[in-house]
2 protein chains.
Amino acid sequence: MMALSTKGRYAARIMVYLAIRQGAGPITKYQIAEAEELSADYIEQIMVRLRAAGLVISHRGRKGGFTIGQDPAKITLGDVLAAVEGPIRPAPCLDSYCKREASCPTRPVWEQAVAVLEDLFGRTTIAGMAEQTKAQEGISYSI
Amino acid sequence: MMALSTKGRYAARIMVYLAIRQGAGPITKYQIAEAEELSADYIEQIMVRLRAAGLVISHRGRKGGFTIGQDPAKITLGDVLAAVEGPIRPAPCLDSYCKREASCPTRPVWEQAVAVLEDLFGRTTIAGMAEQTKAQEGISYSI
DNA sequence: CATGAAATACATCATCTTTTCTGTTGCATT
DNA sequence: AATGCAACAGAAAAGATGATGTATTTCATG
């Protein structure tokens, strides 16, 4: 329960991938697809949303591809998830009018769930996530 | 994103409903259905899972219905959600083998999300949720 | 027994997610 | 200018899940 869709999970991995390769020029969706074992067509759809949010920059034509749109230390996981999946909503009643609102025994907990998740995802940066991967790769290279 | 299904949300409301009416004898699914504006057929399916977890007790035959299975102060929202929806899993890779496991940049944050949600839901009791509703009903009666 | 209510199983409908496909547009290289 | 690569756009197929309904069975009570 409380699952993210693949869009959110893939987007997070894609952002870390681009963060690690920052400065190496545009990366194509095909490169990402191969490295992360995802469908290039599906990556395309995710990129549309990341680009609209300014999280990645696209470069058309030959030698084109995608680069990260901002400093990875300033992009949070919350930004990425919001861009591709929309706001955190354990219960849909939280953004539509609900006549039980005033007396609903469950509403406060769902609101608290939103708060703790927004806090966690807001504190988690792409740069922070990338560090760990870089460290891992460093180890494997040193063998 | 990160939505609970109706099973979890309805189950929470049903448990609070039964907690408030504790001691008044078995409540039928039709009574719950009318009060909470849910389908009686769907309540039935939710009850199967709540019963299997010992959270409600069913009484067959005439004068039958459902009663709460334990002290509402000892039943947490986490217990209820686990019974009807299964464990909290932002990403499915958390319980299946994943070859990226060791180097995955996203896995730690999904694990942290599970932790903060389990903490929140584990601290929230049915009795606590019921209090609020009782208080609200008290206010409306006093007019 | 007869009755009312839960238990169980199965069928269906709706919605959302995920994936794939087809074509178009823009840019850099030659 | 011509060519090739890669993003862009939209559609639609495929799959999964959620939600609900129907029918039958089992059981406790009067």
Side-chain angles (χ1 to χ4, degrees), chain A residues 1-14 18 24-69 81 84-87 89-93 96, chain B residues 1-11 13-14 18 25-34 36-69 81 84-86 89-93 96:
Chain A
M1 60 159 155
M2 303 211 72
L4 289 162
S5 75
T6 55
K7 278 209 176 67
R9 290 166 8 229
Y10 293 176
R13 284 164 54 192
I14 291 168
L18 292 181
I27 312 282
T28 70
K29 64 184 173 189
Y30 303 103
Q31 290 177 285
I32 301 170
E34 188 175 0
E36 295 290 330
E37 295 176 275
L38 304 174
S39 143
D41 285 320
Y42 196 40
I43 290 174
E44 177 69 56
Q45 291 187 31
I46 293 168
M47 286 311 200
V48 168
R49 304 189 189 199
L50 291 177
R51 188 175 65 89
L55 297 172
V56 301
I57 296 167
S58 63
H59 309 267
R60 302 182 72 150
R62 275 178 97 156
K63 298 269 179 180
F66 298 92
T67 50
I68 200 157
L81 295 179
V84 299
E85 297 214 357
R89 285 286 124 73
C93 62
S96 63
Chain B
M1 63 160 155
M2 304 212 72
L4 288 162
S5 76
T6 54
K7 279 208 175 66
R9 286 159 20 222
Y10 293 176
R13 284 163 56 190
I14 291 168
L18 290 181
I27 312 281
T28 70
K29 62 183 172 188
Y30 303 102
Q31 289 177 285
I32 301 170
E34 189 175 359
E36 295 289 329
E37 295 176 273
L38 305 174
S39 142
D41 287 317
Y42 197 38
I43 290 174
E44 176 69 53
Q45 290 186 32
I46 293 168
M47 287 311 201
V48 168
R49 304 189 190 198
L50 291 177
R51 189 177 68 87
L55 297 173
V56 301
I57 297 166
S58 62
H59 309 267
R60 299 179 77 149
R62 281 177 94 156
K63 298 270 180 178
F66 299 91
T67 51
I68 201 157
L81 295 179
V84 299
E85 297 214 357
R89 285 287 172 278
C93 61
S96 64

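Note: hydrogens, waters and symmetry copies are ignored here, and every other heavy atom, side chains too, is used. Chain letters run A, B, ... following the sequence lines, proteins first, then strands; residues in each count from 1.
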* Could you tell me the separation between the CG atom of A:Asp41 and the P atom of D:dA13, rounded to a whole number of Å? => 16 Å
* Asked: Where do B:Ile27 and B:Ile32 come nearest, in terms of heavy atoms and distance?
  -> CG2-CG1, 3.9 Å
* Structure fact -> Here the gap from B:Phe66 atom CZ to B:Gln31 atom CD, rounded to the nearest 0.5 Å, amounts to 11.5 Å
* Structure fact -> Here the residues of residues 2-14 of chain A within 4.0 Å heavy-atom distance, strictly under, of DNA chain D are none
* **More than 12 heavy atoms of other groups within 6.0 Å of A:Glu34 CD** => no
* To do: Please state whether the phosphate of D:dT20, meaning OP1 or OP2, lies under 4.0 angstrom from any side-chain nitrogen or oxygen of B:Tyr42.
  => no
* Considering all heavy atoms of both residues, which atom of A:Ala11 and which atom of A:Ile46 are nearest to each other, and what is their separation? -> CB-CG2, 3.8 Å
* Compare every heavy atom of B:Arg9 with every heavy atom of A:Pro90, then report the nearest pair and how far apart it is. => O-CD, 3.9 Å
* How many Å lie between CZ on B:Arg49 and C1' on D:dA19, as a whole number? -> 12 Å
* Would you kindly give the CD-to-P distance between B:Glu85 and D:dG18, to the nearest whole Å? => 8 Å
* To do: Could you encode protein contacts along nucleotides 3-14 of chain C as a string, one character per nucleotide from 5' to 3', using B for base contact, S for sugar-phosphate-only contact and - for no contact, with a heavy-atom cut-off of under 4.0 Å?
  => BBBBBB------
* Between CD of B:Gln45 and NZ of B:Lys7, what distance do you get to the nearest 0.5 Å? -> 5.5 Å
* Once you round to the nearest 0.5 Å, how far does CD1 of B:Ile43 lie from CD1 of B:Ile14? -> 5.0 Å
* **Atom-pair distance (CD1 on A:Ile43; P on D:dA6), nearest Å** => 14 Å
* Counterpart residues, side chain to side chain donor-acceptor pair (under 3.5 Å), relative to B:Thr6 (two or more places apart) -> B:Tyr42
